[in-house]
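Everything numeric here is computed off the predicted structure, so don't read it as measured data. In each ligand, atom 1 is the first atom listed, and ligand 1 is the first ligand listed.
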Amino acid sequence: MSRNIYFAGSIRGGRQDAELYARIIQQLKAYGRVFTEHIGDPNVEGGETHLSDKQIHDRDMDWLEQSEVLIAECTQPSLGVGYEIGRAVALNKKIIILFRPECGKRLSAMVRGAENGTTFVVKDYKEEDLPGLFKEFFE
Ligand SMILES: O=c1[nH]c(=O)n([C@H]2C[C@H](O)[C@@H](COP(=O)(O)O)O2)cc1CO
């Protein structure tokens, strides 16, 4: 399948959900090419070490431009993920925000408030909902 997918999840914002990101990426790979597999790598803690911050930024923006859709897991707040969402809006990408209300926090109004029902979708979910959600989005 030729669809390009950009998955966004917290790195320097905190790695509590890294294993969940890996499971999400595994599922997304059934629907296209996922550029950002390193986000699910448990060895990536404070960021990728083989690249400078500028190299990371420029590579990720290039990947985002090439992607059809941005899927951002936003439960663990991350400045980088928030930035990527804003850039994806500016590029007119389709955006799917995933948030787990069970965490007890509230999603930023700047993210939930951007929902428009078509190109910017916010999904409150539990992990077991993901296969059905992805099937609905992609098929
Ligand atoms: O090493 C990295 N590699 C990388 O691809 N990113 C990108 C992808 C993630 O969706 C997002 C995470 O941002 P942050 O590190 O601020 O939580 O930024 C971020 C870092 C470190 O900031």
List every atom of ligand 1 that sits less than 4.0 Å from any heavy atom of [X], numbering the atoms from 1 in the order shown and giving each element.
| X | answer |
| --- | --- |
| S10 | 17 (O) |
| I56 | 1 (O), 2 (C), 3 (N), 4 (C), 5 (O), 6 (N) |
| H38 | 3 (N), 4 (C), 5 (O) |
| A8 | 10 (O) |
| I39 | 8 (C), 9 (C), 10 (O) |

Should T36 be listed as contacting ligand 1, given a heavy-atom distance under 4.0 Å as the test? no
Nearest non-hydrogen protein atom, [atom]:
| atom | answer |
| --- | --- |
| atom 12 (C) of ligand 1 | G9 O, 3.4 Å |
| atom 6 (N) of ligand 1 | D60 OD2, 3.5 Å |
| atom 17 (O) of ligand 1 | S78 OG, 2.7 Å |
| atom 1 (O) of ligand 1 | E48 N, 2.8 Å |
| atom 15 (O) of ligand 1 | R12 N, 2.7 Å |
| atom 10 (O) of ligand 1 | E84 OE1, 2.7 Å |

Between H57 and Y83, what is the ring plane arrangement, given parallel below 30°, perpendicular above 60°, and tilted in between? tilted
Under 3.5 Å between some N or O of ligand 1 and some N or O of [X]?
| X | result |
| --- | --- |
| Y6 | no |
| G80 | yes |
| G13 | yes |

Evaluate whether atom CD of E19 has more than 12 neighbouring non-hydrogen atoms of other residues, nucleotides or ligands under 6.0 angstrom away. no
Quick one: [atom1] on [X] to [atom2] on [Y], what's the gap to the nearest 0.5 Å?
| X | Y | atom1 | atom2 | result |
| --- | --- | --- | --- | --- |
| K94 | F120 | NZ | CZ | 10.5 Å |
| L133 | E127 | CG | CD | 11.5 Å |
| I5 | F35 | CD1 | CZ | 10.0 Å |
| L64 | D60 | CG | CG | 8.5 Å |

Nearest to atom 19 (C) of ligand 1 by heavy atom, I11, T49, L79: which?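 Considering heavy atoms of I11, T49, L79, the nearest to atom 19 (C) of ligand 1 sits in I11.
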Between K123 (side chain) and I96 (backbone), is there a donor-acceptor pair under 3.5 Å? no
Verify whether one side chain among [X] and [Y] offers a donor that lies under 3.5 Å from an acceptor in the other.
| X | Y | answer |
| --- | --- | --- |
| E65 | S67 | no |
| Q66 | Y6 | no |
| Q26 | Y21 | no |

